[in-house]
Every structure is written in structure tokens, then in C-alpha cells.
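Here is the structure we will look at, set down as C-alpha cells.
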Amino acid sequence: YSQLKVLDSKKQTATTEDDVLTNKDAFEESFVKHVETTLARNMYNCDNLAAYQATSNTIRDALLIDWANTQQKQTIQDGKRVYYLSLEFLMGRAMDNALINLKSRDNTKKSLTELGFNLEDVLEQEPDAALGNGGLGRLAACFVDSLSSKNYSGWGYGLNYQYGIFKQKIVDGYQIETPDYWLKYSNPWEIMRSEIQIPVDFYGYVYEDHDPNTGKAKKIWAGGERVLAVAADFPIPGFNTDNTNNLRLWNAKPTEEFDFTKFNAGDYQQSVGAQQRAESITSVLYPNDNFESGKELRLKQQYFWVAASLHDIVRRFKKNHKNNWKKFPDQIAIQLNDTHPTLAIVELQRILVDLEDLEWNEAWNIVTKVFAYTNHTVMSEALEKWPVDLLGRLLPRHLEIIYDINFFFLKEVERKFPDDRDLLGKVSVIEENAPKSVKMAFLAIVGSHKVNGVAELHSELIKTTIFKDFVKVFGEDKFTNVTNGITPRRWLRQANPELAALIAEKLNDPNYEYLTNLGRLKKLEEFVNDDEFLKRWDIVKFNNKVRLAALVKETTGVVLDPTVLFDVQVKRIHEYKRQQLNIFAVIYRYLKIKELLSQGVSVDEIKEKYYIPKASIFGGKAAPGYYMAKTIIHLINKVGDIVNNDPEIGDLLKVVFIPDYNVSKAEIITPGSDLSNHISTAGTEASGTSNMKFALNGGLIIGTVDGANVEITREIGEENIFLFGNLAESVEDLRHKHIYEGVHIPQTLAQVFSAIESGIFGNPDEYKALIDGIKYHGDYYLVSDDFELFLAAHVKLEKVFGHHGGDASDTDHLHKWVKSAVLSVANMGFFSSDRCIDEYAEDIWNIEPLNQ
Ligand code: C3B
């Protein structure tokens, strides 16, 4: 009841909505109002969940004012706006981020304490908004944060899935998927816009008619099934600015139209059932990362989202500019996040030609100025291809337009390269092989004015491999690079408050302005020889390791000693990301330790001369249908069972698999790592973004020369990163050699395979496919080639780490490892997503920040 007494003494003092952000009385008053009215509860039975909801609603009220003002400002200034179309937005939790960006964390914490709540516990109540799979979805989330924080006018458009990425449980070492029904309670961060309803049609047929006025022939698409897209808006606060953009996610709803033939035939049930199925379009996120399954419902999702978004964009344009279509590209830029929204190109062409009566060329000229396309992978299994049959059935008019786009494009190619007959086949948007299909990446290139990769190496690779013929057709300038970035608000300030505070102090920056000027981190270099500073830095790391150890204990039951090396690999499980390489090396280490122990070498001597104590920490989801990835998860868990329960081993080695890796767990895991693994086969990981998160949080990296590891190395210096492995340029030759000469398994790896085959980690049949893939089926991901190089990199890095992590009196550790960590952080400024967004704005979108 103490909170009631506190409230009694407060009078109605709130004057403006903003006060709830900075004034305790105003906050408390609003909090109570929301408990009593919005939640219809009372303060006597207000639990943490209710406190979370009341707090969110309070903060949201203030945010909505900024949001409305921003929209008004954007309308008045009438500048160009960018729309970021992404099928995934992996946002994580919203409340802490809003508190930080709105500078309201201290006030909220104090107020909640007075009311008898603990902010950290209240924050824990929020479910993750997990509307994404991995890197691509999280990148979109970082980008909307930067668009707001850098005062751009930029909206995100996506889908409001009822079920986000599944929750992962580990049972007997196996991954079990359970549904993530994240909207169990009402979501205070979502504003339902029931008044914004856009009809979207599917199926049907196309016929030709004549314009009654001009007599011109005209294509009409008579859709066969109609659903409604209803908007849900998520305000995106910027840091240290009032600029608040919008993320608009669509819900599919049935129309009120009714199938009267069925109804009259007395089949009311069926008629309602068909209507209800409309909602299935936005019910579930497809759980594949870097893989396309080609399902009809997925194509329906894509068109539904693209049609609704374009309708919305065109409507907004026409409000201000009527039919002045020439202005369209001056007002609007649309970024395609991967090929998932490529149909937007076709849809805009259809709107302009069929509905707005523009000439084909005039329309196409507008379309190609508006769109730009980001490629995120070169792996063939992830490149979308839609069978012509399916596309033509679902979207008959769109298929015709695609054929026309391709026809005019090929004619142009033929004109430019009259002697190169092969070229036409190579760049055609239509793949003629069975099943005949549309290559979405090719269509995206043809319909965009810029195509970018997401790290330098990747952007070079797309120009020389999968898109090389298009470089010939369009020239080099159409292809560019924008190296990925991450938002330092969430990935430093929110995830690692202690380190963020230490940095703010050293930078003399009490308002944390460095968070939007990340280059200022450079100043940290001045302190690398200051032992006091290095000690404080190391204590922060130690505290974060304690926090991570608590998460490990809570989720796996395994107790970790926070002074050992925390060696982390968390990301989606994929053969190309090579968690198998990591676990094989862990097994090798275990076997060697056992061998030394059996020879009578003492534990202390092992620590001193051979292997420093360490914990190998894994986490990540496997796509439900990805057998090999699930096998890797099983192996990691079984190795953990054996090693962690081996009484001889003690703290020398622990192996844990943290279940259900997600954004909020990443916020705990990332700051707690000493070392993280980014060890993909060279040329396969387009960029990686967790590499940036770990380095920004003072962890060192062991990695291959792949993706953004290349630029990270350039920025932080090669003495501060542990690189190993074959280079991208050798991969093709090695694969070729594997096939024609067989795979050479080094002795070390052979010992690991024998151990697995002996059954110490359970039934060896379960791992047969994994091992055979390497031994007998070409070792596509080059595990055999990189294994010993990986072991050697470990030997090197463990010397640098020394015997203690967290013992601040170990000056050797401070002067080598901790110093490297500081130098890394000092040079990570480049990897802010703010820098990325500035590059997109300047080179691709041609937009300027709003005047504030
Ligand atoms: C990922 C890539 O695998 C990462 O290397 C990259 O950092 C991110 O995108 C962001 O650019 N990616 C993904 O998560 N899903 C895909 N379908 C393709 C790429």
C-alpha cells in the first residue's frame, strides 16, 4: 500500500504530455490513470505485467505527440520520403528502447521504485516482437531506428504476423519448436488503424476492354478473391530528437463481401470459413533464414504486403500532388530489402499503366527511378524463383507485365549487344528450365536504379558471380556497396549500460551524444595505456560475464565460472556459418584434455601449458525442416552433457547451448562475451552484423576473411582480431579438388570423427549425415580445409587471453587482451547504422534530413 500513500501526497500536477517523461508526479499520475482506466484494474492488484502495460501506455502517450508532430512536419515540408519494404522487422522489446531514446529512463526508474516496482522486472514482462529470422530482419530494425535518430522522413512497411519466429525448446538435446503467440496480451506499442483498410485481390482473370473515351485497348484484371489489408502502426522514436517515424505493418482481414451462392445454397458455415481464411495470410512468419521454400502462401504474403503498401504510398502522393506523376520519383524512394518485395516493381507499373493510364515507357521510367534493391546473399538456395504457373494463377495480370518487362529489356540488350546471343539467355528474367520460373533477383535489378551488397567483399562478389552479366548490360555504376551497421542505442547503451556509461565518462559526454556520433569513440585510444582505465573496463566486462552466467544457469542449469574465457557463437544454425567446425574443435579439446589427464598431467599444468579454462557458449535456431542444422544442435547438446558431467574436467571446459536465442537474450549474451565466432566459409556470409555487436561491446573476434569481418579488420587493426582460414578466392578450387581428388581429413579431425563414431555422444547414426557430408560428399563448406587453421588460431588467442579473465590484477591480460578490446571499440564508429543510412540517403535515395 506504500505506493498509494506516495500517490496521496501528489497532486494533479501534469501539464503537458512530455512531463510524464521527466517529471515523477506526472508519470505516477498517468500510470495510475492507465491502471484504472486502460487496464480496468486497481492499484491493489497491480502486478508486474500491469505495471509494464501502464508504463508503456504512459510513455506511448508522450511518444504519440512527437509522432503526430513529425507526420505533420513531414507533410508541411513535403520533401522526399523513403519507404523501407521488409518482410521482416526483428524489433525485440520496445519499452527500454523508447525510454532510452526519449531520455526518460531515469525518471521512469525512480517513479516505478516509488510505486513499489523494479524497472528491470517490469521490462522483463514485455514479449519480444520477433517478426524476423535473423540478420536481415534485425538490420531492418536497426535501420528504422537510425532513420528516426538521423531526422530522416522514412517509413517501414511490413507484415504484422500473429506468430513470430517459433520459440525453441531443447528436449533431450533436440530442438522442439513451439508457436510464438506474441500478442497474447494487447500490445501497447501497436496502434490499430482500423480505418485504414485496403482491398487486395488475388486470382481471377485478365480481359481486354476499350476505353469508352479514347477507344484505346485496356487490360482489366478481374480478381477472384479479395482480402483487406488493415494497418497497424508502430511509432519509432529517434534518439535525442522529436523525429518519430512510422513502421506500418499490415493485418489481413476478411472483407464483408459474402459468397451468396454458397449462402443461398444453405452452406453458411463454408461461406464463413472461406472468409476466415483471409487472416491466414498474416498469421505466420516463414521460419527460414537464407532459404526459400517457394510456398504459395508465401507468395500471397508478398503480394498482399506489396499491394497494400503501394496503394498507401500512391494515395499519400496523390493527396498532395494529384496526378503529377513526373514528381513521383522526386517525392518517393522505395528500398527493397532483398527480393521479397520485388513484386512492388510490377505492381507500380500496373497501377501507372492499367489504372492511371500512363504510357508504358513513361510509367517504366518512373518505376525504375523509384526502386533500389539490396541483395543479402549469394547462396543459390536463398535466391527466390517463382514458378510461372503459380505466379500466373495467383496474379495473372502481373505475370503478363513481367513478360512485357522482360521483353522490352531483352530487346534493349539485343540492341546494345547485337553479336552476343548468349547474353540474352543469361540475363532473361524468365528461367526456361522446368519448372519455368521468374528469377526475382533479375527482375529486381531490371526494375531498380541501384543494386547494393551489404559489405565490400560481398558487393564485389555479386558483381563477379551471380550478377556479372548485368554489370555488362548496365555498367558498373548501377552496382554499389553499403556496408551494414547496427544501432548503438540498442547494442551499446541498452545492452551494456555499464560500458556505455564508462565511455560517456571518458568522452566527457554526460548526454551520450556519442551514440549518434559514433566516430567519437576514437578518443578512447588516448586511454589505452592507462592501467586504471583498463582495470575499470575489465571489471565492466566481468560484471557482464556474471550477468551472462546467470542467464546460462537459469536456462540450462549449468554453472559457469565467470573468470574463464567465454567463447561464444550465437546466430542462426547453418552449415555455412559452421557451428559444426566449432563443436568439432571443442570435441578435439576435450579428447586432448582427457589424454593429458590419463598421462598423469595435473589440471594446473594443463591450464598452464596446454589449455586455458574456457566455456563454449552456443545458441541459435535451426529452420524446422533443416535436418543438418538440427543435427548440429543435437551434437552440441550431447557434447555438453558429456563434458559438463565429466568430474575430471571441472572448470577446464564447459559447453552450453542457450535455448531460444532471440534479441533480448542477445542483449545479455553480447556484452558478456570475451571471444565470438564469425567463422563462415569464406564468401558465404554476406556481411554478418553480430560481429559488429560483439566488437562494439569489447569482445574480440575469431573469424574468417568473410563479410564485414574484412572491414572490421581494416578499422580496428589486424593485431586486434584473430583471422584464419582459406580465402574466398580459393573456395572454388578447393571444392573442385574435393570432388575430383577426394577430401583429405587431417589427423586431428579424424580423431574427432572416430570419437563421435564410437558413440560417446550418443547413437552415432544420428551424426552420420553430418560426417559423411564432409568425408564423402565433397565437404562443401570446407570444414576439413579450415579445421587445423582454426585450432592454430585458438592456440594463438589463448596465449593473449592468459589465465584469467576478470582478475584485474593480471596486468598481462590487461595489457594484451583488454587493450585490444579497447582499441577495437575505439575504432568501431564506422559500423553505426547511422552511417549506413547516411550512405543510402546520399547515394541511393537522394534524400536530406528534415529541418527540425
Ligand atoms: C543475412 C546475411 O546472411 C547476413 O550476412 C547479413 O549480415 C544480413 O542478412 C543483413 O544484411 N541474410 C538473412 O538474414 N536472410 C536472408 N534471406 C539473406 C541474408
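Quantities reported herein were computed from a predicted structural model and do not represent experimental measurements. Atoms within each ligand, like the ligands themselves, are counted from 1 in listed order.
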Checklist entry - What atoms of ligand 1 come closer than 4.0 angstrom to any heavy atom of E685? => result 2 (C), 3 (O), 4 (C), 5 (O)
Checklist entry - For the ring pair W189 and F234, is the centre-to-centre distance below 6.0 Å? => result no
Checklist entry - How does V454 reach ligand 1, by side chain, by backbone, by both or by neither, if only non-hydrogen atoms under 4.0 Å count? => result side chain
Next on the checklist: Is the distance from the ring center of F724 to that of H794 below 6.0 Å?
Outcome noted: no
Next on the checklist: As an exercise, identify every atom of ligand 1 less than 4.0 angstrom from a heavy atom of A686.
Outcome noted: 5 (O)
Checklist entry - For residues 658-682, which residue pairs qualify under ring-ring contact (aromatic ring centres under 6.0 Å, His included), counting only residues two or more places apart or in two chains? => result H678-F694
Checklist entry - Thinking salt bridges, do R489 and D834 make one under a 4.0 Å N-O criterion? => result yes
Item to check | Sub-4.0 Å heavy-atom contact, N484 with ligand 1 | outcome: yes
Item to check | F143 and Y84 aromatic centres sub-6.0 Å | outcome: yes
Checklist entry - Is the closest heavy atom of G688 to ligand 1 under 4.0 Å? => result yes
Next on the checklist: If the cut-off is 4.0 Å to any non-hydrogen atom of Y576, which atoms of ligand 1 fall inside it?
Outcome noted: 3 (O)
Checklist entry - Does the ring center of F618 lie less than 6.0 Å from the ring center of F657? => result no
Checklist entry - Which protein heavy atom lies closest to atom 11 (O) of ligand 1, and at what distance to 0.1 Å? => result H376 ND1, 2.7 Å
Checklist outcome for this item: Among non-hydrogen protein atoms, atom 13 (C) of ligand 1 lies closest to L136 CB, 3.4 Å
Next on the checklist: Among Y373, F474, W386, F470, which residue satisfies the ring-ring contact (aromatic ring centres under 6.0 Å, His included) criterion with F442?
Outcome noted: F470
Checklist entry - Nearest protein heavy-atom contact for atom 12 (N) of ligand 1: which residue, which atom, what distance? => result N290 ND2, 3.5 Å
Item to check | Distance filter under 4.0 Å to D289 heavy atoms, resulting ligand 1 atoms | outcome: 13 (C), 14 (O), 15 (N)
